[in-house]
Amino acid sequence: MQASVGDRLLVHGRVVGQHDRTAEVIEVLGDNGSPPYRVRFEDGHETLMSPGPDTVVRHFSAAEE
């Protein structure tokens, strides 16, 4: 998995009824864009994250601004 600051991580719910969550990558702590990442969720919660197979990277592009 490769991500950059500004990318979004889409974390799929693991159980029935659990909603997907989106987090913004605010710091990349691994080499060459690899995990772990410091992320901020929509509710403002920040955490250190090493995403698993239930996570998808949505790359940020300047055209999306």
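Worth saying up front: this structure is predicted, and the values here are computed from it rather than measured. What you see below is based on every heavy atom in this structure, not just the backbone, and it leaves out hydrogens, waters and symmetry mates.
- Sorted by first and then second residue, the pairs that involve residues 42-51 and meet salt bridge (charged side-chain N to carboxylate O under 4.0 Å, His left out), not counting sequence neighbours, are Arg40-Glu46.
- Contact record, Leu48 with Pro36: CD1-CB, 4.2 Å, taken as the closest heavy-atom pair.
- Hydrophobic clustering of Ile, Leu, Val, Met, Phe, Trp and Tyr side chains at less than 4.5 Å, counting indirect connections, keeps Ile26 apart from Val57.
- Contact detail for Met49 and Phe41: the closest heavy-atom pair is SD-CZ, 4.4 Å.
- Looking at Arg38 and Val25, their side chains never come closer than 4.5 Å, going by heavy atoms from C-beta outward.
- Taking hydrophobic clusters as Ile, Leu, Val, Met, Phe, Trp and Tyr residues chained together by side-chain heavy-atom distances below 4.5 Å, Val5 shares a cluster with Met1.
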Exercise for review: Output, in order, the C-alpha distance, side-chain angles, deciding distance and verdict of side-chain contact (heavy atoms from CB on, under 4.5 Å) for Arg58 and Thr22.
Suggested key: CA-CA 10 Å; Arg58 295 207 170 154; Thr22 303; 6.0 Å; no
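- Listed by first and then second residue, the salt bridge (charged side-chain N to carboxylate O under 4.0 Å, His left out) pairs that reach into residues 47-57 are Arg14-Asp54, sequence neighbours excluded.
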Practice item. Could you give me the CA-CA distance, side-chain angles and deciding distance for Leu10 and Thr55, then say whether side-chain contact (heavy atoms from CB on, under 4.5 Å) is met? Key: CA-CA 6 Å; Leu10 175 61; Thr55 304; over 6 Å; no
Which donor-acceptor pairs under 3.5 Å do the side chains of residues 28-35 make with protein atoms, sequence neighbours left out?
from	atom 1	to	atom 2	distance (Å)
Ser34	OG	Asp31	N	3.3
Ser34	OG	Asp31	O	2.7

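- A side-chain contact (heavy atoms from CB on, under 4.5 Å) with Pro51 is found for one member of Val39, Val11, Leu9 and no other, namely Leu9.
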